[in-house]
Student: 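Before anything else, here's the structure in question.
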Amino acid sequence: MEIIALVGNPNSGKTTLFNALTGANQKTGNYPGVTVSRVSGVLRTPHGNKFELLDLPGCYSLTPKAPDERITRDVLLGDQQGSELPSAVVCVVDASNLERHLYLVLQVIDLGLPVVVALNKVDLAEKLGLRINVELLSEELGLPVVPCQANRGKGVLDLKHAMRHPLPHPSRRKWQASKQTESAIHDLTAKLESEGMQKPSAHAVHLLADAGYRGEDQPALDPSIQSLAVDLASVCAREGVSTEEEISQARTQWVQSICKVAARRQGVDAQAGGLTTSDKIDQVLLHPVWGWAFFVGLMFVVFWSIFSLSEYPMGWVEMGIDALKQGVSTLMPDGDVKDLVNDGVIGGVGSVVIFLPQILLLLFFIGLMETTGYMARAALLMDGVMSKVGLSGRAFLPLLSSYACAIPGIMATRSMDSAKQRLLTILIAPWMSCTARLPVYSLLIGMLLAGYGAAVQALVLGGIYGLGTVSALFAAWLLAPKVKGEEEVSHFLMELPSYSKPDVSFIVRHLVERAWSFLRKAGTVILGLCILLWALETYPKPKEGSPAADDPALALEQSYMGRMGHAIEPLVKPLGYDWRTGTALVAAFAAREVFNANLAISYSVEEADDEDKFLEQLRGKLAKATWPDGRKVYTPLTTMSLLVFFVYALQCLPTTVVVRRETGSWKWAIGQLVGMTAVAWLAAFTVYQVGSLLS
Ligand SMILES: Nc1nc2c(ncn2[C@@H]2O[C@H](COP(=O)(O)OP(=O)(O)OP(=O)(O)O)[C@@H](O)[C@H]2O)c(=O)[nH]1
Ligand SMILES: [Mg+2]
């Protein structure tokens, strides 16, 4: 299938357009750097043509600074292994930022590929009073220009019409450089042609326009060609001409001259003194005092809602679980199968699923920040704090998405241009508490602070997230001198997108997807582990007539799990945990949520107050648990020690695998796993032991 690639500056709306053209539901967001890998889908035109459509990471130019931009360049130059050269490119241009975005269009034209320009965000341009003469622009560029508003689906059909066979002809190069540069382009083109290379002049221009490209290893290029390019560029340099500077200037001049005639500002001139709405909002939200006040207030609202707003949906889930338990109790005959269903399946899986509403609420707030454009502001606000510990403000967005899950957070570091900064960010990202920890935090905070209102619980939860974050920043500060790379933290230059209304329908679609994937995980991995854990805690069964036959607690101690638990008890006892908590902690290395499930299963033998609802029952059983000498296991100190353990422990195998892939070395991945787990143990130990001494 022929390939069409979507290319454009970050945040121009490529993924929104990709979703509209293919019916996919890829993640979009109102900040630069959302897409960090190549995603493909199928595009069908109204004429029956079928193409493979590629959504690519955004880039400002084809001279990549960050790993994600490199992906785009490699696709366009046909350098990516296993990928054919695209037959055409759709350049997505933000109409409200025409001048800057057209520069990339010129670069793509210079590659000799057929181009269609999607002039997106025309609504924003209109608000700014910008009038763009589409016909003139199309004539000057020598290619089709289709105005569209991707987030409303406007212009999508016209775009499909423009992408049918026969594809438009490639446009000609627009600019002219000095005699020296032109002659270098000419000589290099001749050499490439004699080598039988496709699109020789396009490659010649690219080699001379990008010193990095001709200087580094290119598997698709003959080294003799690269050395000729280096020689030609140095001949020019001796004559005082830098080929890359000259080509870049020639392109910029051409773009400026076109924008002068094709784009006109009407009415209020926003840039000449008048402030746009976004500017006015930013005067408050980026204010050194009010900006911070808003940020802290917002965080409080988020955590408060997790406890208060989620009450109702959690109540509904609870009712469902209770009804299921009731049904099983009355319908099934007593025996092992009933115990498995009640304690292992409903009890175990239920103790995880009940926290789904809280997870969705947190993701909803993250979605709001992402789609309105507030994320980019928060990143800017954080820049000052981050630079103090040797991190760039750029690290903020990957770290923020790690609160949802560390994996996309770590992937998002691909848009960071400094390798050192990127590695530091990857190393600390798992200390941003992810949603898989939320069920554990919530279960424990509910026990620790039973009887306190949502506001107090919110403050403690906020404190736990804060503990992870502050520790991560501190770790970055400690690690910064140990990681090789440039010392200077590069200045944070992030484009601030205009604010937009939250895209609630997108957020809701995304939440449904997340809820579905959570339930799938609960129904497969967690269910399987629950059954396994139940079996380990039920077998071997005590012999008839033995003391354990009449004492479920003793039977549990003699089970496989009981024996394993006792074996690891010396390791967890100094942290204040009994063997049951210890095994739950070990099981949580498979998936953090399994901690709840394992507690629910292993404490199911405790007496329950039948009046209570599911969650109160579980907390009630935990609260009743005692050591052999009668002391309570779940004292406030033990609970705090557990909370701290979960903040720091890296209990997530997929994260370790992704860290290995993104850093290219097991050294960092394993070092991170061992380091974080060791810190978790030490921190929990300190909390418990110091607390015990003081109390
Ligand atoms: N006002 C307006 N907003 C749009 C339009 N098209 C897309 N957006 C919004 O622009 C933001 C960026 O869209 P994305 O599709 O994520 O942009 P992208 O080019 O894929 O961005 P990166 O992946 O970061 O390079 C989102 O919040 C979209 O909802 C449009 O025509 N008008
Ligand atoms: Mg994108």
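All values below come from the heavy atoms of this structure, side chains included, with hydrogens, waters and symmetry mates left out. This structure is a prediction, so every number in the text was calculated from the model and none was measured. Counting starts at 1 for both ligands and their atoms, following the listed order. Quick note: residue numbers are just sequence positions, from 1.
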Student: Has the side chain of K121 got a donor or acceptor atom that lies under 3.5 Å from a matching backbone atom of S12?
Tutor: no
Student: Counting heavy atoms only, which of V34, N30, L119, V92 is nearest atom 27 (O) of ligand 1?
Tutor: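 Looking at heavy atoms only, the winner is N30.
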Student: For D279 and T276, test the side chains for any donor-to-acceptor distance below 3.5 angstrom and give the result as yes or no.
Tutor: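 A pair is found: one side chain offers a donor N or O, the other an acceptor, under 3.5 Å apart.
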Student: Provide, to 0.1 Å, the distance between atom 17 (O) of ligand 1 and the closest protein heavy atom, together with that atom's residue and name.
Tutor: G13 N, 3.2 Å
Student: Does A150 approach ligand 1 within less than 4.0 angstrom via side chain, backbone, both or neither, non-hydrogen atoms only?
Tutor: both
Student: For residues D282 and Y499, is any side-chain donor paired with an opposing acceptor at under 3.5 Å?
Tutor: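 The answer is yes; a qualifying pair exists.
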Student: When you measure from atom 10 (O) of ligand 1 to each heavy atom in K154, E370, K121, which option holds the nearest one?
Tutor: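 Of the listed residues, K121 has the closest heavy atom.
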Student: Is G33 close enough to touch ligand 1? Criterion: a residue heavy atom under 4.0 Å from a ligand atom.
Tutor: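 Flag set, G33 near ligand 1.
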Student: Kindly say whether L397 contributes a backbone atom to a donor-acceptor pair with the side chain of S401 at under 3.5 angstrom?
Tutor: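 Side chain of S401 to backbone of L397, a donor-acceptor pair under 3.5 Å: yes, one is there.
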Student: Determine whether the aromatic ring centres of Y403 and F365 lie less than 6.0 Å apart.
Tutor: no
Student: Among all protein heavy atoms, pick out the one at the shortest distance from atom 3 (N) of ligand 1; state its residue, atom name and that distance to 0.1 Å.
Tutor: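 I find the closest protein heavy atom is N151 ND2, 3.4 Å.
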Student: Is the ring pair H206/Y213 parallel, tilted or perpendicular, if the boundaries are 30 and 60 degrees?
Tutor: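 If you compare the ring of H206 with that of Y213, the planes turn out perpendicular.
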Student: Check if Y31 has a non-hydrogen atom at a distance under 4.0 Å from any atom of ligand 1.
Tutor: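 Heavy atoms of Y31 do come under 4.0 Å of ligand 1.
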Student: Nearest to atom 20 (O) of ligand 1, what protein heavy atom do you find, and at what distance?
Tutor: T15 OG1, 2.7 Å
Student: Which residue and non-hydrogen atom of the protein lie closest to atom 1 (N) of ligand 1, and at what distance in Å?
Tutor: D123 OD2, 2.8 Å
Student: In the protein, which heavy atom is nearest to atom 12 (C) of ligand 1, and how far is it?
Tutor: N11 OD1, 2.9 Å
Student: Only heavy atoms of G58, strictly under 4.0 Å: list the atoms of ligand 1 that pass.
Tutor: 25 (O)
Student: Could you check atom 7 (C) of ligand 1 against the protein and tell me its nearest heavy-atom contact, residue, atom and distance included?
Tutor: T16 OG1, 3.5 Å
Student: Would you list the protein N, O or S atoms within less than 2.8 Å of the Mg ion (ligand 2), leaving out water?
Tutor: T15 OG1, T35 OG1
Student: Can you sort out the partners of D123 under side chain to side chain donor-acceptor pair (under 3.5 Å), two or more places apart, ordered by chain and number?
Tutor: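 Partners of D123 under the side chain to side chain donor-acceptor pair (under 3.5 Å) test: Q149.
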